[in-house]
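Quick caveat: nothing in here was measured; it's all calculated off a predicted structure. Every chain is numbered from 1, with letters handed out A, B, ... down the list of sequences. Just so it is clear, the values below take in all heavy atoms, side chains as well, and ignore hydrogens, waters and symmetry mates.
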Amino acid sequence: MMDQNQQDYLKGLNPPQREAVLQTEGPVMIVAGAGSGKTRVLTYRIAHMIASGIDPFNILALTFTNKAAKEMRKRIETVVGAEARNIWMGTFHSIFAKILRFEADKLGYPSNFTIYDTDDAKSLIKTIVKEMKLDDKVYKPNVVLNRISAAKNGLITYKMYASADELTSYDSVSGRPHIAKIYEKYAERCFRAGAMDFDDLLLKTFELFTRHIDVLNKYQHKFKYVMVDEYQDTNHCQYMIVKKLAAVNENICVVGDDAQSIYSFRGATIRNILNFEQDYPDLKVFKLEQNYRSTQTIVNAAGSIIANNKEQLEKKVWTDNHLGEKIKVIRAVSDNEEGRLIAQSIFEEKMKKQLDNKEFAILYRTNAQSRSLEEALRKLNLPYRIYGGLSFYQRKEIKDLIAYMRLTVNHKDEESLKRIINYPARGIGKTTLDKVQLHAAENGISWWEVVANAEMFPNLSSAKTKLKDFAIKIRSFATMLETKDAYDMAMHIAKSTNLLKSLYDDKTVEGISRYENVVELLNGIKEFVENDTNELEKSLGIYLQDIALITDADKDDGSEDKVSLMTIHSAKGLEFPYVYISGMEENLFPSQMSTGSRKELEEERRLFYVGMTRAEQKLTLSYANSRFRFGQLLPCEPSRFITEILDDFIELDKKAFEHASEQRSESGFHRFANRNKPKPNFGNKYGKSNQSVGRTAKLPPAIQNFEPEDTSAIKVGDVVEHQRFGRGKVAIVDGESGNKKATIEFEQFGKKQLVLKFAKLRFVRS
DNA sequence: TACTAAGCTCTTTTT
DNA sequence: GAGCTTAGTA
């Protein structure tokens, strides 16, 4: 049943691509170098399967990003039409969440379980550490969460963790012997809250398939064909699940490139791809080695670096494309200069060759690096779009409203309850909440049960009415879930909690922006309700599951003519005619976290503190900090990575480079200091007014070429002009040591607290 | 309980 | 520079 369409597309493929498309049965591995037309092959392979009579319902295609899934579905649809909708295609997390929703009762979870994001998880760990009266400097939420996450990705439950000597002894040697206990409590609390974190979506799926063979069987027969994209980025848990699913039919096709493995921090291991052959002896391997995307120069450069990898699949990436221009190296003394030079270069190229903004991309290793680039682009009026960073869904006003929705759907959701029980303020203060926490812990029940049954706890009597009123409100929302769709629910909640109105009434710049954000969220929900083809999937519960797994990068408005800024990780699989990579510095690319030096340093420092009192530790630390700054602790030498590129493509003026490195190390602290999220709009995630104005703010024309002055002499009463906030009067100056701060009353923005050392201020002389 | 001022801390990538 | 906590005050 080959139709005309198919004949056409098969003609457009090179021999290995065509073979990979036609081999639909049995275990298949496609090794696809960068730019080798991988997506095309995958798309046609699925299209071909459907055209040969395979029911789309029997196809499972797993990807790593929603974007990739969406893109592929779209492309398949253009070949086979509407049938493409019926393929089970999505990220590991979203597909497994869907399965878990169906089968939740088998694991004792509600089907409307909440998905905890990283913030929720950290916050929960923080409370647990506090409850266990452990030192939160040692048990940092990040560190603990990473340990737990690594364990989960390795299929180690909390019970196994406690008896895994290797893990526990590592923990005690590194001074954190209680991680196993925290893991246990964390798992319990999540379960009690009817919540799963990202890793649980994988681990619980594995548990489900292991403990309930009948369920596994059902899905094994449902998914007769399993396909995995970016196989080099799967972790052990994902690998095991896929293996189980494919065990009956063995129609499994994995696509990957060991050289593009960039998610080892998430537990990804290229062993999965290297060992695939052993798992399936009659495996068919297809190698896509011709690069259609890049010039010879770029392909060779990449090849020369990849050649250093210790373990790799044999493959030779090559291209027929022209040689292309040499890779240029721009040398800059500081991150600001770097930004300026990049922006300038884009501007010039654009003018010279009459290009669109969207043909340019600037990549970096860490999201924090976007700031100086943004400033530079803004000055040249080059429009840009940032991918990643603080997502829309992480902003305070959005999280608040979503917390109400989450709590409505799942009363046990502890993190949401904590967030909104006193927001908007309803007189439930810290003292009351401490008591609630205590009762919940003592009785092993959720916060909700304490709140909803406040009268049963004598020492809560004074707050009884307030707590009960809150519970009644949430319950009243819940009764509407049956009849109302996600949009009506959201609207009702936003209105009846007064959230919408209080934001509307706030006429400060930040307030207006927050209001607009909430309206945008509501519009998004409306869209969700109107667009979704499936009648049943319009409920609030489904919506919440959906957005829990969505990231900013998934919003694709590729139509906008803007320069793209993103991390190298999110750039994977994309292509742009002109690409700038910024921050090719020692300890930044590759990150010192991955090279290990930083970790050792921290470890050393921490062990040094053992036996000291907190006060002594603090004293030592402040002394150390006064002597050293981050970035100066380690000598700056061009990293191996950079040297290789430079040696290959330019004559390197070593002296100038070293000078640059020194200069940079001074601003090294700065570069990471505000890593936390440039804001797409006004206000930060806590919504406090004394914080920054966001990235889209336009500079007043008068101060576009702003040169800040030395502000050490600033005093109360001075009139100053700030780069972004405009004119203001100094109200308070404080701080002798550390960061000297001034509170300034700005004409437009009201009071702001600024750190003088960094503030871009100029005195206004009359 | 709510709010503000002062002070300390802080380095990665994403579902 | 900005998050976040704590101390202090209303």
Under the ring pair (Phe, Tyr, Trp, His ring centres under 6.0 Å) test, residues paired with A/F64 that sit two or more places apart:
A/F92
What's the CG-P distance between A/D117 and B/dT14, to the nearest Å?
15 Å
Rounded off to whole Å, could you give me the CZ-to-C1' distance for the A/R365 and B/dT13 pair?
5 Å
Reckon A/K126 touches a base, only the sugar-phosphate, or nothing at all at heavy-atom distances under 4.0 Å?
sugar-phosphate
With A/T91 via side-chain hydrogen bond (donor to acceptor under 3.5 Å, both in side chains) - residues at least two apart
A/S94
Here the distance between atom P of B/dT14 and atom CG of A/N142, to the nearest Å, is 14 Å
Euclidean distance, atom CZ of residue A/F92 to atom C1' of B/dT14 [Å, nearest integer]
14 Å
Roughly how many Å is it from NZ in A/K122 to P in C/dT5, rounded to a whole number?
13 Å
In numerical order, the residues of residues 425-433 of chain A whose heavy atoms come under 4.0 Å of DNA chain B are A/A425, A/G427, A/G429, A/K430, A/T431, A/T432
Note, A/R385 side chain near A/M566 side chain (heavy atom, < 4.5 Å)
no
Determine: side-chain N/O of A/N367 to OP1/OP2 of B/dT14, distance under 4.0 Å, yes or no.
yes
Knowing that exactly one of A/Q260, A/R266, A/Q238, A/K572 qualifies, which makes a side-chain hydrogen bond (donor to acceptor under 3.5 Å, both in side chains) with A/D233?
A/K572
State which residues pass salt bridge (Lys or Arg N to Asp or Glu O under 4.0 Å) with A/E415; sequence neighbours excluded, sorted by chain then number.
A/K418
For A/H569 and B/dT12, give me the distance from atom NE2 to atom C1', rounded to whole Å.
8 Å
Which is true for A/D199 with a 4.0 Å heavy-atom rule: it touches a base, it touches only sugar-phosphate, or it touches nothing?
nothing
Between B/dT12, B/dA2, B/dT15, which nucleotide has the shortest distance from any of its atoms to the side chain of A/N422?
B/dA2
Please identify each residue that fulfils side-chain contact (heavy atoms from CB on, under 4.5 Å) with A/H569, with sequence neighbours left out.
A/I262, A/Y263, A/F265, A/R365, A/T567
A/Y263-B/dT13 aromatic stacking (under 5.5 Å, under 30°):
no
Rounded to whole angstroms, how far apart are CG on A/D229 and P on B/dT15?
14 Å
Can you tell me how far P of B/dT13 sits from CD of A/Q369, to the nearest Å?
9 Å
Would you say a side-chain N or O of A/S570 is under 4.0 Å from OP1 or OP2 of B/dT14?
yes
Do the side-chain N or O atoms of A/T567 get closer than 4.0 angstrom to the phosphate oxygens (OP1, OP2) of B/dT14?
yes
Listed by chain and number, what are the ring pair (Phe, Tyr, Trp, His ring centres under 6.0 Å) partners of A/Y231, not counting sequence neighbours?
A/F276
NA contact type, A/F64, heavy-atom cut-off 4.0 Å: base, sugar-phosphate, or nothing?
sugar-phosphate
